[in-house]
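Report on the structure given below.
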Amino acid sequence: LGSSSSVPFTSIFSQLFMTVVVPLIIGQIVRRYIKDWLERKKPPFGAISSCVLLMIIYTTFCDTFANPNIDLDKFSLIIIVFIIFSVQMSFMFLTFLFSTRNNSSFTPADTVAIIFCSTHKSLTLGIPMLKIVFAGYEHLSLISVPLLIYHPAQILLGSLLVPTIKSWMVSRQKALKLTRQPKAPVKV
């Protein structure tokens, strides 16, 4: 008590703008001019993207668990994993419920996209944001642990749920096709 601190909002927002928004804008502008060349050459963007993501995850894990200030016991880690899986499943279930309501105009394919896209959070954006907002904070490693768990959890849950969601989507699409087919006229 009796202590105060200040948050450098201008610095944080300018760094976030330079780290997140500017590369996005530059990428969209450059894409417009080299789109034809990219379609001809077809560089392996999927492999490049996966390698960059793997490198970010690897360096973040190294930074997090190489920090001597991290004080995380096994029980706390298990609790964090349980909470993150619960939150992820809850978000996926809620998005499923909202996108399949009777008055919603979403197709089954839309619902699948909503379930996976709306709950997806990326380490590639989260870690730079944490590093900017909590720059100089000695427990930054501890703060990044939930994000390090959330990303693999969403991949694991997604892969486990794909067969169930796929069979639901296919059955719903078949049911919609049957209800939309015109009925044959009755011959007398």
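Along the sequence shown, the residues carry numbers beginning at 1.
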Taking all non-hydrogen atoms of both residues, which atom of [X] and which atom of [Y] are closest, and how far apart?
X: I12; Y: I132; answer: O-CG2, 3.9 Å
X: P108; Y: L176; answer: CD-CD1, 3.5 Å
X: I127; Y: S144; answer: CD1-CB, 4.0 Å
X: I84; Y: A153; answer: CG2-CB, 4.1 Å
X: S159; Y: P163; answer: O-CD, 3.7 Å
X: L130; Y: L140; answer: O-CD1, 3.6 Å

Kindly indicate whether the side chain of [X], heavy atoms from C-beta on, has any atom under 4.5 Å from the side chain of [Y].
X: V30; Y: I34; answer: yes
X: V20; Y: P128; answer: no
X: R172; Y: M169; answer: no
X: F85; Y: L156; answer: yes
X: Q88; Y: T119; answer: yes
X: L38; Y: F45; answer: yes
X: F106; Y: T100; answer: no
X: V21; Y: L16; answer: no

Does any N or O in the side chain of [X] come within less than 3.5 Å of the main-chain N or O of [Y], such that one atom is a donor and the other an acceptor?
X: R32; Y: I29; answer: no
X: T59; Y: I56; answer: yes
X: S104; Y: S99; answer: yes
X: S167; Y: T164; answer: yes

Checklist entry - Just wondering, are more than 12 heavy atoms of other shown residues or ligands nearer than 6.0 Å to CZ in F96? => result yes
Checklist entry - Does atom CG of N103 have more than 12 heavy-atom neighbours from other groups under 6.0 Å away? => result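 Atom CG in N103 is packed in, count exceeds 12.
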Next on the checklist: Run the side chain to side chain contact (heavy atoms under 4.5 Å, CB included) test on I155 and H151 for me, step by step, so that the C-alpha distance in whole Å, both residues' side-chain angles and the decisive distance to 0.1 Å come before the verdict.
Outcome noted: CA-CA 7 Å; I155 294 169; H151 191 79; 3.8 Å; yes
Next on the checklist: The test is side chain to side chain contact (heavy atoms under 4.5 Å, CB included); show your working for W168 and T111 and say whether it passes.
Outcome noted: CA-CA 11 Å; W168 171 85; T111 298; 3.8 Å; yes
Calculate, to the nearest 0.5 Å, the distance between atoms [atom1] and [atom2] belonging to [X] and [Y] respectively.
X: T19; Y: K131; atom1: OG1; atom2: NZ; result: 11.0 Å
X: L97; Y: F93; atom1: CG; atom2: CZ; result: 4.0 Å
X: I83; Y: S86; atom1: CD1; atom2: OG; result: 7.5 Å
X: H120; Y: Y150; atom1: NE2; atom2: OH; result: 9.0 Å

Are [Y] and [X] connected into the same hydrophobic cluster when the rule is that any two of I, L, V, M, F, W, Y join if their side-chain heavy atoms are below 4.5 Å apart?
X: L157; Y: L94; value: no
X: I78; Y: I80; value: no
X: I143; Y: I79; value: yes
X: V87; Y: I114; value: no
X: I115; Y: L160; value: yes

Next on the checklist: Evaluate L161 against M92 for side chain to side chain contact (heavy atoms under 4.5 Å, CB included), listing each step before the verdict.
Outcome noted: CA-CA 10 Å; L161 292 174; M92 292 176 96; 3.8 Å; yes
Next on the checklist: Does the plane of the ring in F134 sit parallel, tilted or perpendicular to the ring in Y137? Use 30° and 60° as the thresholds.
Outcome noted: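 Correct class here is tilted.
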Item to check | Full working for side chain to side chain contact (heavy atoms under 4.5 Å, CB included) between Q15 and S11 | outcome: CA-CA 6 Å; Q15 287 179 353; S11 173; 3.8 Å; yes
